[in-house]
Amino acid sequence: MTRSGADPRIELDRAPLPDPAEIRWLRRSLCDWYHAFKRDLPWRRRSDAFAIWISESMLQQTRVETVIPYFERFMARFKDLAALAEGEEEEVLALWSGLGYYRRARALHAAAREIMEFHGGVFPHERSALLGLPGVGPYTAGAVLSMAFGASEALVDGNVARVFARVFALEAPLRSPALEQALWRFAEALVPADAGESADAQKGVDPGSWNQAVMELGATLCTPKGPRCQLCPLQERCEARARGRAEELPIPAPRRPLVAVELEMLLARTGERTLLTRRPPGGRMAGMWELPTREIPNARGETHLWEADFSTFALAGGCIPIGEELSTLRHAITHHRITVSLRRATFDPSGAQVRAQNESTWRLAADDDLASLALTGLTKKALRAVSGPAL
DNA sequence: AAATCGGGGAT
DNA sequence: ATCCCAGATTT
């Protein structure tokens with residue numbers, strides 16, 4: 001129990017874990033609720049590590065509703081680990097197009113190849129081996145181990161953080177080291193034993209169900225705003241609710257100030273094809289295709305996300321803005337608020353400057369091919385905005 | 001410890 | 001308009 005006025009960091013270090021009877025009650029109550037009310041999600045219809053791993057990678061910082069169609073398309077194309085390892089990164093990126101955090105897609109593909117080469121094509125069952133795979137951190141390792149293998153492994157995500165911060169009244173800012181440490185301590189204490197090891201196994205109470213139950217509660221009832229405490233199976237044991245602080249917890253993390261960004265994008269069409277340029281390797285959205293884009297420097301001459309000029313190709317290669325504004329778009333990338341002016345441009349592919357360009361940095365994409373390319377989300381949005389009359 | 005990396009859906 | 005999402009990696 002915390003005392004007002006004390007250092008919350010020290011308090012969290014010593015915050016007492018629930019006693020064994022309370023732990024049994026928490027597991028029983030939440031797992032019963034989960035099995036009664038859980039959503040029917042595509043990855044819950046299968047239990048193989050490959051499907052769990054793909055879904056958890058897609059779900060990193062991404063909502064369930066957003067992921068579902070991406071997951072279905074991905075699994076239809078890559079049915080197992082071997083298929084993914086044999087696929088090309090470009091195609092993986094294309095399937096990821098619009099989902100964001102493209103590093104995840106690259107890591108997924110690289111990890112599949114590592115498993116085929118170094119683990120005999122068998123998904124590792126050990127936490128240390130999982131953590132050695134690109135794109136697999138503490139959360140994803142815990143998710144795969146508990147959900148696919150039934151191992152007694154904890155996990156902490158945004159939902160777990162919110163639920164535990166409320167149920168146990170953990171008074172420290174989100175993402176602070178003090179809270180992170182406390183959350184993992186509670187998560188490890190609460191996750192049920194492996195079915196094979198548990199002396200007093202409870203029906204329906206297993207590591208995978210428990211971990212998903214906590215997240216399901218956070219996603220459906222114990223929401224950031226307007227938690228529906230009257231429906232919560234843990235309401236009688238929730239310390240934040242007892243204190244009337246359910247909506248005040250968890251304490252939000254400090255926010256970064258928003259930065260305004262202005263972009264100009266060009267729609268250059270020849271025949272039934274659209275000019276695209278390829279983003280350089282290594283940076284943001286590396287290797288993804290986009291409409292020629294430049295950032296308009298702010299009053300201090302600064303740019304934040306793009307270069308001040310169009311690519312050398314777009315400038316010198318005969319792609320010339322002709323002033324007609326087709327659309328104004330709004331977009332958001334992390335803490336950047338982006339306003340885009342989409343303009344018509346002319347393009348002459350026959351010029352010497354164009355021929356001198358490396359063709360891996362630009363292409364004229366046929367309309368029918370756009371859906372299968374690794375486009376950035378913003379370019380997808382721009383093409384959607386002008387599809388129809390403008391195309 | 002802090003910054004970076006996408007995009008969108010809910011409020 | 002704001003928040004934050006089934007996080008991982010780099011600096």
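The structure presented is a predicted model; accordingly, all values stated were derived computationally and were not measured. Order of the sequence lines fixes the chain letters, A, B, ..., with proteins taken first and strands second; residue numbering starts at 1 for each chain.
Among the heavy atoms of the strands lying under 4.0 Å from A/Arg337 is at least one base atom, whether or not backbone atoms are also near. Among the protein residues, A/Gly98 comes within range of the sugar-phosphate backbone only, with heavy atoms under 4.0 Å from sugar or phosphate atoms but none that close to a base. Across all strands, A/Ala332 comes closer than 4.0 Å to base atoms (heavy-atom distances). A/Met58 comes within 4.0 angstrom of no nucleic acid atom, judged by non-hydrogen atoms across all strands. Within 4.0 Å of A/Leu41, counting heavy atoms only, lies at least one base atom of the nucleic acid. Using a 4.0 Å heavy-atom criterion, one finds that A/Arg63 contacts the bases of the nucleic acid, with or without backbone contacts as well. Among the atoms of the strands shown, none is found under 4.0 Å from any heavy atom of A/Leu155. The residue A/Glu65 sits apart from the nucleic acid: no heavy atom pair falls under 4.0 Å. Base engagement by A/Arg44 is indicated by at least one non-hydrogen atom pair under 4.0 Å involving a base atom. Within 4.0 Å of A/Arg106, counting heavy atoms only, lies no atom of the nucleic acid at all. Across all strands, A/Trp96 comes closer than 4.0 Å to no nucleic acid atom at all (heavy-atom distances). Counting any heavy atom pair closer than 4.0 Å across all strands shown, A/Val67 reaches no nucleic acid atom. The residue A/Thr376 sits close only to the backbone: its heavy atoms come under 4.0 Å of sugar-phosphate atoms, none of a base.
B/dG6 and C/dT11 have their P atoms separated by 15 Å, given to the nearest Å. Comparing the P positions of B/dT4 and C/dA6 gives a spacing of 24 Å, expressed to the nearest Å.
Distance, A/Ile251 CD1 to C/dC4 C1': 17 Å, rounded to whole Å. In this structure, A/Arg256 places its CZ atom 12 Å from P of B/dA2, rounding to the nearest Å. The CD1 atom of A/Ile54 sits 15 Å away from the C1' atom of C/dA6 (whole-angstrom rounding). A/Arg284 places its CZ atom 7 Å from the P atom of B/dG6, with the value rounded to the nearest Å. Nucleotide B/dG6 holds its P atom 12 Å from the CD atom of A/Glu290, rounded to whole Å.
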ask   = Going through the distances and angles, do A/Glu90 and A/Arg278 end up as a salt bridge (charged side-chain N to carboxylate O under 4.0 Å, His left out)?
value = CA-CA 12 Å; A/Glu90 179 82 12; A/Arg278 189 173 165 90; 3.3 Å; yes

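Using a 30° and 60° split on the angle between ring planes, A/Trp33 and A/Phe37 fall in the tilted class, from 30° to 60°. Ring-plane geometry between A/Phe347 and A/Trp362 is classed as perpendicular, the angle between the planes exceeding 60 degrees on a 0 to 90 degree scale with a lower cut at 30.
Set against C/dC3, B/dG6, C/dG7, the side chain of A/Thr140 has C/dG7 as its closest nucleotide. Here C/dA6 is the nucleotide among B/dT11, B/dG6, C/dA6 with the atom lying nearest to any side-chain atom of A/Asp157. Side-chain proximity of A/Met215 to B/dC5, C/dT2, C/dA6: nearest is C/dA6. Listed nucleotides C/dC4, B/dG6, B/dG8 differ in distance to A/Arg255; the shortest reach to its side chain belongs to C/dC4. For A/Leu258, counting side-chain heavy atoms from C-beta on, the closest listed nucleotide (C/dA6, C/dT2, B/dG6) is C/dT2. Ranking C/dC4, B/dG6, B/dA1 by closeness to the A/Pro177 side chain, first place goes to B/dA1. Closest to the side chain of A/Glu56, from the set B/dG7, C/dC5, C/dA6, is C/dA6. Comparing atom distances between the A/Tyr139 side chain and each of C/dA8, C/dC5, B/dG9 picks out C/dA8 as nearest. Taking only side-chain atoms of A/Arg103, from C-beta outward, the nucleotide of B/dT4, C/dA6, B/dG7 with the closest atom is B/dT4. Out of B/dA3, C/dA8, C/dC5, the shortest distance to the side chain of A/Gln60 is found at C/dA8.
An OP1 or OP2 oxygen of B/dG7 is reached within less than 4.0 angstrom by a side-chain nitrogen or oxygen of A/His331.
Remark: A/Arg279 fails to qualify as a cation-pi partner of A/Trp289 under the 6.0 Å distance and 45° angle criteria applied to the six-membered ring.
Following chains of ILVMFWY side-chain contacts shorter than 4.5 Å, one can reach A/Val156 starting from A/Ile52, so the two form part of one hydrophobic cluster.
Aromatic ring centroids of A/Tyr70 and A/Trp96 lie 6.0 Å or more apart. Between A/Phe50 and A/Phe123, the gap from one ring centroid to the other reaches at least 6.0 Å.
Residue A/Thr62 places a side-chain atom within donor-acceptor reach of the base of B/dG6, judged by atom type and a 3.5 Å distance cut-off alone.
For the pair A/Thr223 and A/Gln61, nearest-nucleotide mapping onto DNA chain B gives the more 5' position to A/Gln61.
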